[in-house]
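Working notes, structure below.
Lettering follows sequence order; numbering is per chain, from 1.
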There are 2 protein chains.
Amino acid sequence: MRPEDALPPILDLDRLVHEPARLTILTVLAAAEEVEFLYLQRVTGLNKGNLSSHAQKLEAGGYLETVKAFRGRIPATSFRITAAGRSALQAYRERMRAFFGA
Amino acid sequence: MRPEDALPPILDLDRLVHEPARLTILTVLAAAEEVEFLYLQRVTGLNKGNLSSHAQKLEAGGYLETVKAFRGRIPATSFRITAAGRSALQAYRERMRAFFGA
DNA sequence: CAATCAAGTTTGCATTGCAAACTGGTTGGA
DNA sequence: TCCAACCAGTTTGCAATGCAAACTTGATTG
């Protein structure tokens with residue numbers, strides 16, 4: 001291998017997706033229309049604090065949107081994945097698959 | 001879903017492997033007997049500093065071993081993956097594959 | 001109406017990864 | 001011979017991250 005052959009980074013992953021907690025969140029959201037905070041918390045095994053902050057990061061990155069509503073008089077937060085989120089997840093999957101060689 | 005149904009974490013990944021730089025390093029090492037520092041640097045696209053520190057972490061975790069030698073009078077460092085490293089990588093791959101559903 | 005619970009959010013901290021600076025030795029040139 | 005440039009790698013400094021615990025706001029219960 002000659003120096004000129006220096007390769008571009010082999011594994012260039014979207015860090016926003018790469019974090020396991022967020023990867024899990026996105027994967028769950030990708031499978032459903034809209035998901036409630038508490039349901040998501042149980043499925044992911046995250047505590048409220050971390051779910052809240054990871055969701056905020058995903059929202060800041062445009063990968064999900066937060067829907068604030070009330071169930072009765074109690075506030076209930078739900079999430080939806082955005083188109084950008086869906087394709088980021090898709091791209092992430094494909095890079096991983098490619099890296100591991102089909 | 002009732003509270004008692006709280007699931008164990010869905011995606012429990014070995015953080016030592018999960019970091020893209022280290023995942024790349026391990027994957028390269030898994031494919032060869034022994035790999036020299038500079039070669040590894042070019043293939044991974046990491047700078048020396050980061051390759052050095054990631055390799056140290058992998059070594060601390062028992063996933064690779066460092067072989068110090070000389071080529072002529074110039075020091076040359078090489079790495080080998082250990083059995084533990086190989087199986088950690090394998091386990092990581094399988095978890096990912098399982099998570100993404102075959 | 002005090003205490004408890006529900007639903008999230010914010011805070012504090014220890015850990016990380018990254019790039020830049022540094023070290024110890026070697027080679028080439030004047 | 002002396003010193004500047006270079007090679008091979010390590011250490012350092014810092015900003016960003018993830019995690020758990022503490023906090024907030026409001027609703028319900030005894």
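As rounded to whole Å, 14 Å separates atom P of D:dG18 from atom CG of B:L13. Summarising the geometry, the separation between CD1 on A:I25 and P on D:dG18 is reported as 10 Å, rounded to the nearest angstrom. The distance from atom CG of A:L11 to atom C1' of C:dG17 is 15 Å, rounded to the nearest whole Å. Spacing between atom CG of A:L51 and atom P of C:dT9 amounts to 9 Å, rounded to whole angstrom units. The interatomic distance linking A:N47 (CG) with C:dG8 (C1') rounds to 11 Å, in whole Å. Between B:H54 atom NE2 and C:dA19 atom C1' there is a gap of 12 Å when expressed in whole angstrom units. Rounded to whole angstrom, the span from the NE2 atom of A:H18 across to the P atom of D:dG18 amounts to 11 Å. For the pair B:E19 CD and D:dT17 P, the computed distance is 13 Å after rounding to whole Å.
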Output a table of nitrogen or oxygen pairs between the protein and nucleotides 7-10 of chain D separated by less than 3.5 Å.
{"from": "D:dA8", "atom 1": "O3'", "to": "B:P75", "atom 2": "O", "distance (Å)": "3.3"}
{"from": "D:dG9", "atom 1": "OP1", "to": "B:T77", "atom 2": "N", "distance (Å)": "2.1"}
{"from": "D:dG9", "atom 1": "OP1", "to": "B:T77", "atom 2": "OG1", "distance (Å)": "2.7"}
{"from": "D:dT10", "atom 1": "OP1", "to": "B:K68", "atom 2": "NZ", "distance (Å)": "2.8"}
{"from": "D:dT10", "atom 1": "OP2", "to": "B:S52", "atom 2": "OG", "distance (Å)": "2.6"}

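Using bins of under 30°, 30° to 60° and over 60° for the plane-to-plane angle, the ring pair B:H18/B:Y92 lands in the tilted bin.
Under the 3.5 Å distance criterion, the side-chain polar atoms of A:R86 are left unmatched by any main-chain donor or acceptor of A:I81.
One finds a salt bridge joining B:R71 and B:E36 here, because a Lys/Arg side-chain nitrogen approaches an Asp/Glu carboxylate oxygen to under 4.0 Å. Using a cut-off of 4.0 Å between Lys/Arg side-chain N and Asp/Glu carboxylate O, A:R80 and A:E59 are scored as not salt-bridged.
Of the side-chain N and O atoms in B:R22, one or more sit less than 4.0 angstrom from OP1 or OP2 of C:dG17. Phosphate proximity of C:dC18 to A:R15: present, with a side-chain N or O under 4.0 Å from OP1 or OP2.
Note that CZ of A:R22 and CG of A:L16 are 5.0 Å apart. Values are rounded to the nearest 0.5 Å.
With sequence neighbours excluded, the residues satisfying side chain to side chain contact (heavy atoms under 4.5 Å, CB included) with B:A84 are B:Y63, B:T82.
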